[in-house]
Amino acid sequence: MSSQHILKHQQLGLTDDDVLKMYAYMLKARKFDERATLLQRSGKTAFHISSIGQEAAQVAAAFALDKQQDYFLPYYRDYAFVLTIGMTVQELLLAALFKAEDINGGRQMPGHFGYKKLHIVSGSSPVATQVLHAVGIALTALMRKEEHVAFVTFGEGSSNQGDVHEAFNFAGVFKLPVIFLCENNQYAISIPAHRQVAGRVVDRAAGYGFPGQRVDGNDALEVYRAVKEARERAVRGYGPTLIEAMMYRIPPHSTADDDMLYRTKEEVDYHKDQEGVQRFRRYLLESDILTEDLDRALHENIAKEVNEATKYAEKSPFPAPEDVLRHVYAEDGGEV
């Protein structure tokens with residue numbers, strides 16, 4: 001491998017420590033995902049929607065943003081993204097198990113997130129509604145002359161919703177500081193991409209007057225570069241960017257889905273060899289940043305963290321019946 005490729009992260013302004021942290025977040029998201037699936041299979045939670053195969057792009061995007069200033073509107077597979085922004089495995093498990101200590105009081109469906117302190121805006125079940133919300137937040141930044149961006153993600157299936165096109169048009173007209181990231185994982189539940197989209201999602205940006213860029217979603221450093229450039233563009237007043245990150249959804253759509261009804265094991269196995277976490281691991285090993293011993297230690301430490309978080313979340317109490325009306329109405333003029 002050429003030295004130019006080995007030093008790619010340094011060329012992008014990332015240190016060796018930065019890329020090791022990125023890899024650790026990818027592993028943490030993967031191990032959380034695997035644990036959440038086991039909890040669902042054992043009947044401890046209703047269902048789980050996996051993000052396996054999409055972690056590298058999510059972590060890279062988070063590293064390219066400003067965690068203190070920007071606003072984040074993730075979609076339901078973005079566990080790696082919210083972990084990198086600042087959520088903990090324990091918090092994700094409390095939410096998955098609908099426990100009272102969950103940030104939202106056990107009220108959110110899995111993958112809906114919502115964390116005011118971290119600027120993570122709560123999602124909704126109708127797909128793509130978060131895209132319009134991101135544009136509204138970006139409009140506020142423009143009106144107040146604040147240097148932050150709204151970052152929103154969605155799948156290629158969601159890209160066909162009217163909300164997305166309305167958001168693109170409004171953001172393009174007013175040159176709003178918003179980054180649209182389409183995580184194109186090739187399937188909208190059971191429908192393959194070629195039956196969802198005529199052409200390419202990225203090409204839609206041109207119709208609304210702003211740049212679009214398609215990147216390899218399994219290449220964390222390429223995603224980092226694209227999102228970083230889009231953010232710099234947005235805060236300089238040049239408006240939105242659409243990034244289409246090409247990747248693959250390795251698990252079924254959810255734990256309620258039988259993906260072998262619409263694709264083959266051979267197809268899935270092929271993409272397992274291409275996915276971003278293993279690709280990033282190979283890059284770190286070849287760059288002499290990661291060793292087998294360090295890799296083993298990272299796995300062990302993260303496994304311990306996930307085990308401890310699981311024990312805590314399982315023992316944590318459920319909300320009391322009288323809590324059903326909490327946070328529904330404002331009390332004494334306070335915040336809802």
Exercise. Are side-chain N/O atoms of R204 and S159 paired as donor and acceptor at under 3.5 Å?
Worked result: yes
Problem set entry | OG1-CG distance between T140 and L176, expressed to the nearest 0.5 angstrom | 9.5 Å
Exercise. D163 side chain to V131 main-chain N or O, any donor-acceptor pair under 3.5 Å?
Worked result: no
For this session: Please indicate whether K311 has more than 12 foreign heavy atoms, meaning atoms of other residues, nucleotides or ligands, lying under 6.0 Å from its NZ.
Result: no
Exercise. Are more than 12 heavy atoms from other residues, nucleotides or ligands located less than 6.0 Å from atom CD of E146?
Worked result: yes
Problem set entry | Minimum side-chain heavy-atom gap V127-Y75 below 4.5 Å | no
For this session: Give the C-alpha distance, both sets of side-chain angles, the deciding distance and a yes or no for ring-ring contact (aromatic ring centres under 6.0 Å, His included) between Y283 and H9.
Result: CA-CA 10 Å; Y283 172 84; H9 66 283; 5.8 Å; yes
For this session: Mind running side chain to side chain contact (heavy atoms under 4.5 Å, CB included) on V149 and V235 for me, showing each step along the way?
Result: CA-CA 7 Å; V149 306; V235 297; 3.7 Å; yes
Problem set entry | Any donor-acceptor N/O pair, K228 side chain to L12 backbone, under 3.5 Å | yes
Exercise. Would you call D259 and R249 a salt bridge, using N to O less than 4.0 angstrom?
Worked result: no
Exercise. Which is it for N185 and R77 under the side chain to side chain contact (heavy atoms under 4.5 Å, CB included) test, yes or no, and what are the steps along the way?
Worked result: CA-CA 11 Å; N185 65 14; R77 294 192 195 277; 3.7 Å; yes
Problem set entry | Minimal non-hydrogen separation, A193 against N184, with atom names | CB-OD1, 4.4 Å
For this session: Answer with yes or no whether the hydrophobic clustering places I120 together with V178; edges join I, L, V, M, F, W, Y residues whose side-chain heavy atoms lie under 4.5 Å apart.
Result: no
Exercise. Rounded to the nearest 0.5 Å, how far does OG of S190 lie from CG of D258?
Worked result: 11.0 Å
Exercise. In Å and rounded to the nearest 0.5 Å, what is the CZ to CG distance from F63 to L221?
Worked result: 11.5 Å
Problem set entry | Y238 six-ring centre to K175 NZ/CZ under 6.0 Å and within 45° of normal | no
Exercise. Is D323 salt-bridged to R107, going by a charged N under 4.0 Å from an acidic O?
Worked result: no
For this session: Apply side chain to side chain contact (heavy atoms under 4.5 Å, CB included) to the pair S254 and Q40, showing each step before the final yes or no.
Result: CA-CA 10 Å; S254 74; Q40 190 281 329; over 6 Å; no
Exercise. Which heavy atom of S42 sits nearest a heavy atom of L39, and at what distance?
Worked result: OG-O, 3.0 Å
Problem set entry | Charged N-O contact under 4.0 Å between E55 and R30 | yes
For this session: With side chain to side chain contact (heavy atoms under 4.5 Å, CB included) as the test, would you mind laying out the steps for I179 and L65 before giving the verdict?
Result: CA-CA 10 Å; I179 302 169; L65 298 164; 4.0 Å; yes
Problem set entry | Linked, directly or transitively: L118 and V227 (ILVMFWY side chains, under 4.5 Å) | yes
Exercise. Less than 4.5 Å apart, any side-chain heavy atom of K117 and any of I103?
Worked result: no
For this session: With the side chain counted from C-beta on, respond yes when D293 and R296 share a heavy-atom pair under 4.5 Å apart, and no when they do not.
Result: yes
Problem set entry | Short side-chain donor-acceptor distance under 3.5 Å, E156 and Q196 | yes
Problem set entry | Student check: side-chain heavy atoms of F154 and F180 closer than 4.5 Å | yes
Exercise. Can any side-chain N or O of S50 pair as donor or acceptor with the backbone N or O of I52 at less than 3.5 Å?
Worked result: yes
For this session: May I ask you to say whether K21 pairs ionically with D18, meaning some side-chain N is under 4.0 Å from a carboxylate O?
Result: no
Exercise. Is a side-chain N or O of Q278 found less than 3.5 angstrom from the main chain of R281, in a donor-acceptor match?
Worked result: no
For this session: Could you tell me whether the side chains of N218 and E275 share a donor-acceptor contact shorter than 3.5 Å?
Result: no
Exercise. So how far is it from Q69 CD to R231 CZ, rounded to the nearest 0.5 Å?
Worked result: 7.5 Å
Exercise. Got a donor-acceptor contact below 3.5 angstrom from the S316 side chain to the Y312 backbone?
Worked result: no
Exercise. Do the side chain of E91 and the main chain of T88 share a donor and acceptor less than 3.5 angstrom apart?
Worked result: yes
Exercise. Taking NZ, NE, NH1 and NH2 as the nitrogens, is one of them in K44 or E314 under 4.0 Å from a carboxylate oxygen of the other?
Worked result: yes
For this session: Using modelled atom types only, decide if a donor and an acceptor are shared between the side chain of T310 and the backbone of V306 within a distance under 3.5 Å.
Result: yes
Problem set entry | Where E267 and R263 come nearest, the two heavy atoms and their spacing | OE1-CB, 3.6 Å
Exercise. Any chance the side chains of N307 and R35 put a donor and an acceptor closer than 3.5 Å?
Worked result: yes
Problem set entry | Contact summary for A134 and A150, nearest pair of heavy atoms | O-CB, 3.3 Å
For this session: Taking only Lys NZ, Arg NE, NH1 and NH2, and the carboxylate oxygens of Asp or Glu, determine whether E222 and R225 approach each other closer than 4.0 Å.
Result: yes
Exercise. How many angstroms lie between atom OG1 of T241 and atom CD of Q213, to the nearest 0.5 angstrom?
Worked result: 8.5 Å
Problem set entry | Among F81, F113, Y115, the one residue meeting side-chain contact (heavy atoms from CB on, under 4.5 Å) with F72 | F81
Exercise. Counting only heavy atoms not in R236, do more than 12 sit closer than 6.0 Å to its CZ atom?
Worked result: yes
Exercise. So, E183 versus Q58: side-chain donor-acceptor pair below 3.5 Å or not?
Worked result: yes
Problem set entry | Flag, side chain of T153 to backbone of L181, donor-acceptor distance under 3.5 Å | no
For this session: For the residue pair Y262 and Y187, categorise the inter-ring angle as parallel (less than 30°), tilted (30 to 60°) or perpendicular (more than 60°).
Result: tilted
Problem set entry | Side-chain (K28) to main-chain (E305) donor-acceptor, under 3.5 angstrom | no
Problem set entry | Heavy-atom pair of closest approach, residues G217 and V223 | CA-CG2, 4.0 Å
Problem set entry | Any side-chain donor near an acceptor of the partner, S122 and Q108, under 3.5 Å | yes
For this session: Please work out which of the three classes, parallel, tilted or perpendicular, describes the rings of H48 and F32, given edges at 30° and 60°.
Result: perpendicular
Exercise. Would you say C182 and I243 make side-chain contact, with heavy atoms under 4.5 Å?
Worked result: no
Exercise. Does a side-chain heavy-atom distance below 4.5 Å link Y79 with D33?
Worked result: yes
Exercise. Looking at the rings of Y71 and H148, which for Trp means the six-membered one, are their centres under 6.0 Å apart?
Worked result: yes
For this session: Any chance you could lay out the side-chain hydrogen bond (donor to acceptor under 3.5 Å, both in side chains) test for S124 and Q130, step after step, and finish with the verdict?
Result: CA-CA 7 Å; S124 180; Q130 75 273 15; over 6 Å; no
For this session: Verify the ring-centre separation between F98 and F318: is it less than 6.0 angstrom?
Result: no
For this session: Indicate the atoms forming the closest heavy-atom contact of M246 with Q186, along with that distance.
Result: CE-NE2, 3.3 Å
Exercise. In terms of heavy-atom contacts, does CE of M260 have more than 12 from other residues, nucleotides or ligands at under 6.0 Å?
Worked result: yes
For this session: Nearest 0.5 Å please: distance from the CG atom of D219 over to the CD atom of Q274.
Result: 12.5 Å
Problem set entry | Whether F174 and F170 hold their rings parallel, tilted or perpendicular, with breakpoints at 30° and 60° | tilted
Exercise. Distance-only, no hydrogens or angles: does the T291 side chain make a donor-acceptor pair with backbone N or O of L294 under 3.5 Å?
Worked result: yes
